[in-house]
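Notes to accompany the following structure.
We number each residue from 1, following the sequence as shown.
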Amino acid sequence: MFLQGFGPLILEGAWATTKLALLSLLLSMLIGLIVASSKVSRSRMPRYLAYAYTTLIRSVPDLLVMLLLFYSLQLGLNEVTEWLQVRQIDIDPFVAGVLTLAFIYGAYFTETFRGPFEVVPRGQTRLPSPTV
């Protein structure tokens with residue numbers, strides 16, 4: 001047989017990959033919408049933070065950001081729990097992967113959403129009132 005008994009393992013890996021992709025996609029779109037709205041904000045602080053986030057994340061290679069975030073999330077949480085003198089909390093690797101991918105691709109979605117926010121005239125952003 002072609003798969004030689006590895007079929008269930010391959011299906012389990014494909015399901016885990018699909019879950020990782022969908023969850024990180026949804027979260028990165030949410031991050032992108034929030035940061036894009038910050039980029040077009042009238043307030044300076046959210047706008048500067050949004051520009052710093054997108055510039056930093058998009059200019060550093062994705063693999064480097066993945067490694068830094070994946071390991072720093074757990075290390076940072078360890079420091080916080082030690083400082084608060086509570087029991088250590090371990091982050092599930094799947095959750096860390098979802099958060100890391102969402103954080104990276106949220107910067108790309110930010111630019112995707114920012115464009116339409118700036119192009120659509122202000123009067124056209126409201127939905128028309130329903131006619132009866």
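- A distance below 6.0 Å separates the ring centres of Tyr105 and Tyr108.
- Between Lys39 and Glu118, no side-chain nitrogen of the basic residue sits less than 4.0 Å from a carboxylate oxygen of the acidic one, so the salt-bridge criterion is not met.
- Annotation: the span from Leu56 atom CG to Tyr51 atom OH amounts to 16.0 Å, rounded to 0.5 Å.
- Under the 4.5 Å side-chain heavy-atom criterion for grouping Ile, Leu, Val, Met, Phe, Trp and Tyr, Trp83 is not connected to Leu75 through any hydrophobic cluster.
- Taking both residues in full, the closest heavy atoms of Ala50 and Ser38 are given as CB-CB, 4.0 Å, listed atom of the first, atom of the second, then distance.
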Are Arg58 and Ile104 close enough, and set up right, to give a side chain to side chain contact (heavy atoms under 4.5 Å, CB included), and what steps lead you there? CA-CA 8 Å; Arg58 292 177 64 212; Ile104 292 169; over 6 Å; no
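- Note on Leu68: it clusters hydrophobically with Leu101, by side-chain heavy-atom contacts below 4.5 Å among ILVMFWY residues.
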Run Leu73 and Thr100 through side chain to side chain contact (heavy atoms under 4.5 Å, CB included) and show every step you take. CA-CA 9 Å; Leu73 283 175; Thr100 301; 4.2 Å; yes
What side-chain donor-acceptor pairs closer than 3.5 Å can you find for residues 16-35, not counting sequence neighbours?
| residue | atom | partner | partner atom | Å |
| --- | --- | --- | --- | --- |
| Thr17 | OG1 | Gly13 | O | 2.8 |
| Thr18 | OG1 | Ala14 | O | 2.8 |
| Ser24 | OG | Leu20 | O | 2.8 |
| Ser24 | OG | Ala21 | O | 3.2 |
| Ser28 | OG | Ser24 | O | 2.9 |
| Ser28 | OG | Leu25 | O | 2.9 |

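- Residues Leu9 and Phe6 meet the side-chain proximity criterion, which asks for heavy atoms closer than 4.5 Å.
- Contact detail for Ala107 and Tyr53: the closest heavy-atom pair is N-OH, 3.2 Å.
- Note that the OG1 atom of Thr54 and the CZ atom of Phe109 stand 15.0 Å from one another [nearest 0.5 Å].
- Following chains of ILVMFWY side-chain contacts shorter than 4.5 Å, one cannot reach Tyr71 starting from Leu77, and the two form parts of different hydrophobic clusters.
- Going from atom OG of Ser43 over to atom OH of Tyr48 covers 10.0 Å, rounded to the nearest 0.5 Å.
- Under a hydrophobic-cluster definition in which Ile, Leu, Val, Met, Phe, Trp and Tyr are linked whenever side-chain heavy atoms come within less than 4.5 Å, directly or via other members, Leu99 and Leu67 are assigned to different clusters.
- Residues Arg114 and Val40 have side chains in contact (heavy-atom distance under 4.5 Å, counting atoms from C-beta outward).
- Transitive grouping of hydrophobic side chains (ILVMFWY, heavy atoms separated by less than 4.5 Å) keeps Phe113 and Val119 in distinct clusters.
- Atom-to-atom distance recorded for Ser41:OG and Phe117:CZ is 12.0 Å, nearest 0.5 angstrom.
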Could you go through the side chain to side chain contact (heavy atoms under 4.5 Å, CB included) check for Gln74 and Gln88 one step at a time? CA-CA 10 Å; Gln74 185 64 56; Gln88 180 177 336; 4.0 Å; yes
